[in-house]
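Notes follow once the structure below has been shown.
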Amino acid sequence: MIYENEQIRNYLQSLVERELTPCISVAIAHRGELQYAGCAARQDDPMYEGYHAAIRHNIGSVTKIITGSLFAKLMETGVISVNDNVRKFLPEYPYDDNTVLQLLCHSTGYSSFIDNVPRPSIGVTTDEYVAAICKNAVREYAPGTESRYFTLGYTLIMAIIERVSGMDYETYAQKMLFEPLGMKDTTFDMRRVSAQDTILPYSRETDTYETDWHRRPTGDSGLYTTSADLLKFGMMLQDAYHGRENPVFTPWQAHYLFRECTEGKFVRTPAMWMKGARDRYGFFSDYCSPEACGHTGYSGCMLTVDPTYDISIAILTNSCHLHLDWNNYRIISNRLMGAIKL
């Protein structure tokens, strides 16, 4: 069990006082049991009055873990594989030599970001957004030879999930994942959140908050959730991997999601980054095993799941400043893992 609860609470408050983040909510599970959940926020700031652990955060690119996992769930239908050609499901896709796995592993040949494809508003359909991506994305290297972070690849994965399942993304995610796990505070749909129950990303450099409440769901970023809900997902992955009962994944799916899938070239699984022998990503706790997997988000959020130690850590903030140095995640995770007795 976790110990020194007060010390952890004081540590979280110290992060706020040092202005690393205006607020933070964390949750930790070990061997299938919740070990700690707590939060801290600015004092005497009306924006954070009444801030508590059930406040939703935009988790940014941590969303990609969910999208990759939903694709893994879809594979059990027997009609789709990660080794399928992208064009099999997206005929409008401009190249005939990319696989779904390359989208998942950022090795399609595309450059990192596309400046002329803005985030879509609620009124933009998935098909319209996919068309904009396919029209404006330009490849810069041979597929499979490099891994450059192409965030919009996961929105193409979202489109494939919608077309194969016959459901919009929010409906599919709720039915297959969020509802079975009791993730009642989790949604892709901004129409289901409000300023009263959600905190948007904050830039310390400009002292401003994001203000757009009208974005449509995307598969690469923008899932809204709480640390407790995100931890339920991490715990489900661990339960399935270790053969414990859960309502969503089989052990096969969990082992697949934890497995390095690029022959060691990019140290990635089909849904997550992997620590490996050398932590090339720089956000995993020093205490984590080489098998630890996870992802970070631009809004100062992180999920780590370490199958070797059967530990899951969810860290949610709204601090884009924290995310500027991924070592922040490592240091915070060190403190949290250090409080767990093996």
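Positions are given from 1, in the same order as the sequence printed here. These figures come from a predicted structure and were not determined experimentally.
Geometrically, R139 engages Y95 in a cation-pi contact defined by less than 6.0 Å to the ring centre and at most 45° from the axis. Both the sub-6.0 Å distance and the 45° axial angle are satisfied by R42 relative to the ring of Y202.
Checked against a 6.0 Å centroid threshold, the rings of H323 and W326 count as neighbours. Between H106 and Y154, the ring centre distance stays below 6.0 Å.
When atom types are taken as modelled, the side chain of T187 and the backbone of R192 share no donor-acceptor pair closer than 3.5 angstrom. With hydrogens and angles disregarded, no donor-acceptor distance shorter than 3.5 Å links the side chain of K73 to the backbone of M176. Between the side chain of E260 and the backbone N or O of T262 there is at least one donor-acceptor pair closer than 3.5 Å. When atom types are taken as modelled, the side chain of K275 and the backbone of C288 share a donor-acceptor pair closer than 3.5 angstrom. Formation of a donor-acceptor pair under 3.5 Å by the D306 side chain with backbone atoms of I311 is not found in this model.
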Quick one, Y241 with F258, criterion ring-ring contact (aromatic ring centres under 6.0 Å, His included). Give me CA distance, side-chain angles, the key distance, then yes/no. CA-CA 9 Å; Y241 182 89; F258 281 116; 5.2 Å; yes
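The shortest side-chain heavy-atom distance between S227 and I315 does not fall under the 4.5 Å cut-off. Two residues are said to be in side-chain contact when any heavy atoms from C-beta on lie closer than 4.5 Å; L303 and F233 meet this criterion.
The closest side-chain donor-acceptor pair between D220 and T218 falls under 3.5 angstrom. Judged purely by distance below 3.5 Å, without hydrogens or angles, the side chains of S333 and S285 never pair a donor atom with an acceptor atom.
Expressed to the nearest 0.5 Å, how far OG1 of T296 lies from CH2 of W273 amounts to 4.5 Å. Here the CZ atom belonging to R87 is positioned 9.0 Å from the CG atom belonging to D97, to the nearest 0.5 angstrom. Between the CD1 atom of I331 and the CG atom of L336 there is a distance of 12.0 Å, given to the nearest 0.5 Å. Atoms CE and OG, from M302 and S61 in turn, are 14.5 Å apart once rounded to the nearest 0.5 Å.
Shortest non-hydrogen contact noted between G222 and T63 is N-OG1, 3.4 Å.
Cluster annotation: L257 and F266 are assigned to distinct hydrophobic clusters (Ile/Leu/Val/Met/Phe/Trp/Tyr, side-chain heavy-atom contacts under 4.5 Å, transitive).
Taking a 6.0 Å sphere around NE2 of H214, one finds it holds 12 or fewer heavy atoms contributed by other residues, nucleotides or ligands.
Note on ring orientation: taking the six-membered ring where Trp is involved, the planes of Y209 and Y48 are tilted (angle from 30° to 60°).
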